Number of protein chains: 2
Amino acid sequence: MAPTPAEQAAIEKAISEVRQIPPRTTIIEAGRPLRHSALIVEGLVCRTISDRDGLRQFVGLHLPGDFVDLHSFVLQNLEHDIASVTQARIAIVPHIGMDALVADVALARKLWFSTLLDAAMHRAWLFRLGRLDAMGRMAHFLCETNARLRAVGLSDGRRFTLDLTQNDLAEICGVTSIHMNRILRQLREENLATMRSSLVEIIHPGRLAARGQFDGSYLYLDSPDLPEG
Amino acid sequence: MAPTPAEQAAIEKAISEVRQIPPRTTIIEAGRPLRHSALIVEGLVCRTISDRDGLRQFVGLHLPGDFVDLHSFVLQNLEHDIASVTQARIAIVPHIGMDALVADVALARKLWFSTLLDAAMHRAWLFRLGRLDAMGRMAHFLCETNARLRAVGLSDGRRFTLDLTQNDLAEICGVTSIHMNRILRQLREENLATMRSSLVEIIHPGRLAARGQFDGSYLYLDSPDLPEG
DNA sequence: CGATCGATTGATTTTTGTCAAAGACGGTGG
DNA sequence: CCACCGTCTTTGACAAAAATCAATCGATCG
């Protein structure tokens with residue numbers, strides 16, 4: 001479902017501007033009506049829902065190449081926040097331009113597909129939060145992220161950089177940052193993965209996937225399997 | 001985004017058959033290629049992901065009028081299971097027929113919208129699992145379900161029937177059924193809601209919503225607010 | 001009537017959160 | 001260059017939440 005070069009060109013033509021976003025900046029606040037969508041050129045962007053104390057739950061994490069809020073084109077507004085994690089560059093695509101894009105039925109179908117992939121990822125995250133313990137959640141998240149980064153050439157299948165603090169990871173996995181710290185130590189001690197200052201190394205991809213009960217088929221990547229280990 | 005009568009008729013014309021499904025029956029198993037989608041006419045249908053021990057996590061619950069697996073039309077297969085909870089009647093819409101339906105751009109947009117609503121609900125569930133304690137999760141779920149049932153005339157805003165066992169509720173909230181039993185008692189003791197043999201009564205909608213930090217705007221219902229209490 | 005499934009309860013263990021305090025590290029300004 | 005500061009990480013002690021183990025109870029069904 002990758003766009004053809006022509007489709008890619010059409011999307012790029014619909015970009016009205018590219019914005020530079022500082023790290024840790026709210027890009028879109030929940031509830032505001034939107035007249036454009038955003039495509040990540042560079043950096044990490046997160047989608048979060050905050051509880052009444054302002055504590056956040058990540059409901060998505062987006063990498064370069066992802067449409068962050070394509071759904072806002074159809075829904076008109078968002079029920080969650082979008083914020084940069086790292087420094088980021090995002091391309092703005094006005095909804096008016098999107099209207100022209102979806103006139104092309106094939107492209108419309110691909111955009112729909114892209115939002116359905118997001119939904120599939122949401123479901124995998126639900127499984128993670130609902131059925132796994134803290135260590136399983138982290139293992140699952142690392143496997144997913146490794147697979148996604150690999151698909152865009154940002155991981156070699158074992159090592160990648162991921163600019164997330166332990167607090168971010170905690171907000172992803174629905175645990176406290178203190179507990180996340182202990183989980184990371186455990187992953188290290190059990191020789192599954194290490195994570196030091198944004199460098200992640202997966203020592204035993206197979207065992208990590210088993211620990212997190214990870215099956216990446218929902219990502220629809222044609223990723224070559226890693227050797228067991 | 002409700003379909004017009006004409007669109008409704010077109011959808012109904014695309015139905016190839018209506019199936020009667022016994023309770024507790026798997027309708028679609030994860031990973032199978034699909035050539036049709038299913039629309040619920042009557043009954044409760046759930047979407048679940050199972051862990052390696054076969055323990056399930058609900059990732060969605062569908063009511064009459066919902067397309068259960070509209071996304072399979074675009075994705076071609078599912079990464080989760082679909083099963084009946086109660087006795088159900090589902091209308092089968094072959095994907096071939098769907099192709100004809102989405103030729104109508106306005107209807108295509110509405111179907112897209114419907115899958116985006118699902119995704120928004122997924123995100124609300126992520127918040128529930130990630131940020132709320134067991135009682136908050138149950139409170140949130142009851143509020144959501146009350147709002148949804150009300151929209152289709154199956155709740156008066158305080159009372160409705162919901163044919164789920166305590167084990168189902170546990171699989172929705174990501175806790176054990178034993179713990180769910182204690183949560184239900186607590187909800188009763190704190191005069192928030194009662195649930196006895198599939199009859200749910202919400203005693204203080206306002207307080208229950210507060211306990212579950214529920215804000216139903218993601219459901220896109222034009223529901224009149226309930227009196228506080 | 002026995003069998004089965006779901007609901008309920010108690011006792012106990014495990015997991016996770018909370019509170020409190022250091023330690024590490026990079027960046028900034030003097 | 002170095003002291004200071006803020007942010008992130010790490011650790012310990014303790015409390016709370018949830019899981020687990022083990023029964024019992026109650027209703028429904030063949």
Side-chain angles (χ1 to χ4, degrees), chain A residues 22-25 44 46 51 53-57 83-87 128-141 161-190 193-200 211-212, chain B residues 22-25 44 51 53-57 84-87 128-141 161-190 193-200 211-212:
Chain A
R24 309 282 160 189
T25 307
L44 279 183
C46 66
D51 72 7
D53 300 324
L55 296 174
R56 303 189 303 177
Q57 172 63 41
S84 63
V85 175
T86 64
Q87 165 106 233
R128 190 151 81 205
L129 291 177
R131 283 269 76 104
L132 302 180
D133 61 7
M135 186 146 165
R137 291 180 203 174
M138 191 57 199
H140 188 281
F141 171 72
T161 61
L162 187 67
D163 267 322
L164 294 173
T165 65
Q166 291 184 6
N167 192 54
D168 294 327
L169 296 171
E171 289 174 339
I172 288 169
C173 293
V175 299
T176 60
S177 59
I178 292 170
H179 196 54
M180 179 51 69
N181 179 278
R182 292 173 173 139
I183 293 301
L184 289 175
R185 176 172 50 174
Q186 236 182 304
L187 283 169
R188 228 177 299 137
E189 287 171 353
E190 298 188 15
T194 63
M195 183 158 190
R196 281 185 201 287
S197 64
S198 79
L199 177 68
V200 177
R211 185 61 180 79
Chain B
R24 308 284 160 187
T25 306
L44 279 184
D51 72 7
D53 300 324
L55 297 174
R56 302 189 305 178
Q57 172 62 42
S84 63
V85 175
T86 64
Q87 166 105 233
R128 189 151 80 205
L129 291 177
R131 283 268 78 104
L132 302 180
D133 61 7
M135 188 146 161
R137 292 180 201 173
M138 191 57 199
H140 188 282
F141 171 71
T161 62
L162 187 66
D163 266 321
L164 294 173
T165 64
Q166 291 185 3
N167 192 53
D168 294 327
L169 297 171
E171 289 174 338
I172 288 169
C173 293
V175 299
T176 60
S177 58
I178 291 169
H179 195 52
M180 178 51 69
N181 178 278
R182 292 172 174 139
I183 293 301
L184 290 175
R185 177 175 46 175
Q186 236 182 303
L187 282 168
R188 227 177 299 137
E189 286 172 355
E190 298 187 15
T194 63
M195 182 158 190
R196 283 183 200 288
S197 64
S198 80
L199 178 69
V200 176
R211 185 62 181 79

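Note that the coordinates shown come from a computational prediction; the quantities given were computed from them, not determined experimentally. Heavy atoms only: backbone and side chains are in, while hydrogens, waters and symmetry mates are out. Each chain gets a letter, A, B and so on, in the order the sequences are listed, and its residues count up from 1.
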- Pick from B/Arg196, B/Met138, B/Glu189: which one makes a side chain to side chain contact (heavy atoms under 4.5 Å, CB included) with B/Leu184? B/Met138

For [X] and [Y], indicate whether the former's side chain and the latter's backbone hold a donor-acceptor pair under 3.5 Å.
X        : Y        : value
A/Asn181 : A/Ile178 : no
B/Ser84  : B/Gln87  : no
B/Asp51  : B/Asp53  : yes

- If pairs are Watson-Crick or G-U with both distances under 3.5 Å, what is the dot-bracket string of DNA chain C, marking crossing pairs with [ ] and pairs to another strand with |? ||||||||||||||||||||||||||||||

- Which residue pairs satisfy the salt bridge (charged side-chain N to carboxylate O under 4.0 Å, His left out) criterion with at least one member in residues 169-182 of chain B, sequence neighbours excluded?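 Passing the test, one end in residues 169-182 of chain B: B/Arg56-B/Glu171.
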
Enumerate all atom pairs, one protein N or O and one N or O from nucleotides 22-25 of chain C, separated by less than 3.5 Å.
none

Rounded to the nearest angstrom, tell me the gap between atom [atom1] in [X] and atom [atom2] in [N].
X        : N      : atom1 : atom2 : result
A/Asn167 : D/dG6  : CG    : P     : 18 Å
A/Met138 : C/dT15 : CE    : P     : 19 Å
B/Leu162 : C/dG6  : CG    : P     : 15 Å
A/Gln186 : D/dT11 : CD    : P     : 13 Å
B/Arg188 : C/dT9  : CZ    : C1'   : 12 Å
A/Gln166 : D/dT9  : CD    : C1'   : 5 Å
A/Leu169 : D/dC8  : CG    : P     : 12 Å
A/Asp163 : C/dG26 : CG    : P     : 14 Å

- Message: Less than 4.5 Å apart, side chain to side chain, heavy atoms only: is that true for A/Met180 and A/Thr165?
- Response: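 Of all side-chain heavy-atom pairs linking A/Thr165 with A/Met180, none is under 4.5 Å.
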
- Task: Answer yes or no: is there a side-chain heavy-atom contact under 4.5 Å between A/Asp168 and A/Arg24?
- Result: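 A side-chain contact exists here, since the closest heavy-atom pair is under 4.5 Å.
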
- Summarise how protein sits on nucleotides 13-30 of chain D as a single string, 5' to 3': B when a protein heavy atom is under 4.0 Å from the base, S for sugar-phosphate-only contact, - for no contact. B----SSBBB--------

- Where is the tightest heavy-atom contact between B/Val85 and B/Pro23, given as atom of each residue plus distance?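 Nearest heavy atoms, B/Val85 then B/Pro23: O-CB, 3.6 Å.
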
- Roughly how far, to the nearest 0.5 Å, is SG of B/Cys173 from CE of B/Met135?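 If I round to the nearest 0.5 Å, the distance is 12.0 Å.
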
- Task: Sequence neighbours left out, what passes salt bridge (Lys or Arg N to Asp or Glu O under 4.0 Å) with A/Asp133? Give chain and number order.
- Result: A/Arg211

- Taking only residues two or more places apart in sequence, or in another chain, which ones meet A/Arg137 in a salt bridge (Lys or Arg N to Asp or Glu O under 4.0 Å)? none

- Task: Using a cut-off of strictly less than 4.0 Å, decide whether A/Asn181 has a side-chain nitrogen or oxygen near OP1 or OP2 of D/dT9.
- Result: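 It does not, given that no N or O in the side chain of A/Asn181 lies less than 4.0 Å from OP1 or OP2 of D/dT9.
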
